[in-house]
Structure formats: structure tokens, C-alpha cells
Amino acid sequence: MIAIPAAPYPYALPPGKTALVVIDMQRDFIEPGGFGHALGNDVSRLEAIIPTVAALIALFRAKGWPVIHTRESHKPDLSDLPPAKRARGNGALRIGDEGPMGRILIQGEPGNAIIDACAPREGEIVLDKPGKGMFCKTDIHATLDRLGITHLVFAGVTTEVCVQTSMREANDRGFEGLLITDATDSYFPEFKTAAIAMITAQSAIVGWATPLADLQGAVG
Ligand code: C5J
């Protein structure tokens with residue numbers, strides 16, 4: 001076990017049993033013209049974490065530890081899109097509509113791709129998830145069990161939506177989660193702060209949180 005300085009107390013990371021989960025670093029959330037923008041958000045905020053997320057991915061690759069990338073995405077025929085999710089938001093563009101980067105949140109469309117700086121490498125898991133959480137209607141739990149993964153380090157966007165939902169799902173399924181605080185962000189800075197506080201409250205009720213430098217310093 002490697003002891004990682006973290007809130008609310010050190011996180012015990014077992015090499016060989018830990019995977020990185022990079023949540024939804026997609027053009028649809030980070031670039032103008034995507035889903036985040038269509039919902040009225042200032043997407044420029046999220047750009048700032050790209051170098052930190054890339055450095056975190058590089059750390060896991062250098063260690064030979066698994067990297068999992070998720071994409072919030074739906075099938076072109078929308079068969080995996082609940083009507084309530086499509087109707088939600090009242091924005092200029094809805095999921096499945098044609099936007100400046102192709103159909104919003106649809107698999108294979110340019111906007112649905114992971115940004116170049118965080119692009120998956122050959123052999124890394126890329127998980128298309130129709131929900132906010134990574135376990136909803138996916139086979140990732142069986143995959144993690146098969147790989148012997150018990151610990152998940154989280155990064156990506158947005159902190160209080162897909163990252164927190166995935167972390168909570170993972171927690172309920174018995175995984176030990178660590179959020180890298182400068183490798184995640186929200187369109188709403190106060191929601192990021194609140195999400196981290198909720199995750200780490202009550203002696204890590206959902207999990208742990210630490211900046212990348214502390215993880216780098218501990219794993220070497
Ligand atoms: C949202 C996400 N915010 N990836 N998705 O709808 O957090």
C-alpha cells in the first residue's frame with residue numbers, strides 16, 4: 001500500500017489494484033458548441049484542468065496502471081436515452097439534435113469525442129455510458145472485478161454531476177475512491193467545492209480527495 005496524503009485522512013493505494021477513471025473529457029462538455037454550451041454554461045472554465053488531467057493520465061501510464069476513459073453518450077437511434085433525459089433542460093439544443101459539432105452527445109459524432117490532450121491510447125478502456133454515473137447500464141463492474149481493481153482514482157468533468165455520481169456509485173459497490181481535486185472542475189466553482197466537501201465529510205463517507213502533486217509525491 002502507498003499512503004497518499006488526502007482529505008479527510010491518508011488514502012491507502014494498492015498498486016496493481018488501482019485504476020484511473022477519467023470522466024467525460026469530451027468536446028461536448030469542454031468546447032463551445034457542445035452539450036454544456038447548449039445548456040447555457042460558460043465552458044471556458046473547464047479548459048484550465050486539461051494539463052492536470054493529462055499529467056495524471058501520464059502518471060498512470062508511466063506506472064503501467066490501468067486508465068479508463070468514460071464518455072457520456074447515446075446510440076444514434078436514441079434507444080438508450082430516456083425521454084425524461086432528452087426533454088430536460090429546455091436548452092437551445094437537446095441530446096440527439098444537430099449542433100455545430102454534430103449530433104449532441106451521440107456516439108461517433110465529433111463533439112462526443114474525448115479531447116485530443118486526453119485521448120485514449122490503444123488498449124485503454126473507453127466506456128460509453130448513457131447515464132451520469134459510470135455503472136448505470138454498463139458492464140464496468142464486471143470488468144473491474146475481472147481486472148482485480150478495488151481502488152479507483154477519479155478525474156474529469158463535471159465534479160458534482162458525472163464525477164460525483166460515478167464516485168458515489170463506486171462507493172456503494174465497495175470500491176475505494178480518490179478524487180484528484182485539480183483534475184476535475186465544474187461550470188459552477190461553488191458546486192465543485194461543495195461536492196468535494198460532501199465526498200470527504202463524515203470520515204470519507206464517499207471517498208477521499210487530494211491534489212495531483214500529493215499523489216505524484218507519494219507514488220514517486
Ligand atoms: C453533465 C457530466 N454535466 N459529464 N455531464 O451533464 O458531468
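Everything numeric here is computed off the predicted structure, so don't read it as measured data. Note that ligands are numbered from 1 as they come in the structure, with each ligand's atoms numbered from 1 the same way.
Rounding to the nearest 0.5 Å places OG1 of Thr210 at 7.5 Å from CG of Leu215.
Hydrophobic clustering (ILVMFWY, side-chain heavy atoms < 4.5 Å, transitive): Val157 and Val22 are in one cluster.
Closest protein heavy atom to atom 1 (C) of ligand 1: Phe29 CE2, 3.5 Å. The protein heavy atom nearest to atom 6 (O) of ligand 1 is Lys132 NZ, 2.8 Å. The protein heavy atom nearest to atom 3 (N) of ligand 1 is Thr158 OG1, 3.5 Å.
Residues Asp182 and Thr52 bring no donor and acceptor atom of their side chains to less than 3.5 Å of each other. For the residue pair Ser186 and Thr158, no side-chain donor N or O sits within less than 3.5 Å of a side-chain acceptor on the partner.
If you number the atoms of ligand 1 from 1 as listed, the ones under 4.0 Å from a heavy atom of Val161 come out as 1 (C), 3 (N), 7 (O). When each atom of ligand 1 is checked for a heavy atom of Glu72 under 4.0 Å away, the hits are 1 (C), 2 (C), 4 (N), 5 (N), 6 (O). Those atoms of ligand 1 with a heavy atom of Cys162 less than 4.0 angstrom away are 2 (C), 4 (N), 5 (N), 7 (O).
Residue Asp24 has at least one nitrogen or oxygen atom sitting less than 3.5 Å from a nitrogen or oxygen atom of ligand 1, judged on distance alone.
Here Asp185 pairs with Arg45 in a salt bridge; the nearest charged N to carboxylate O distance falls below 4.0 Å.
Tested against His74, the residues Lys129, Arg86, Lys85 include a single side chain to side chain donor-acceptor pair (under 3.5 Å) partner, Lys85.
Looking at Val157 against ligand 1, only its backbone comes within 4.0 Å, counting heavy atoms.
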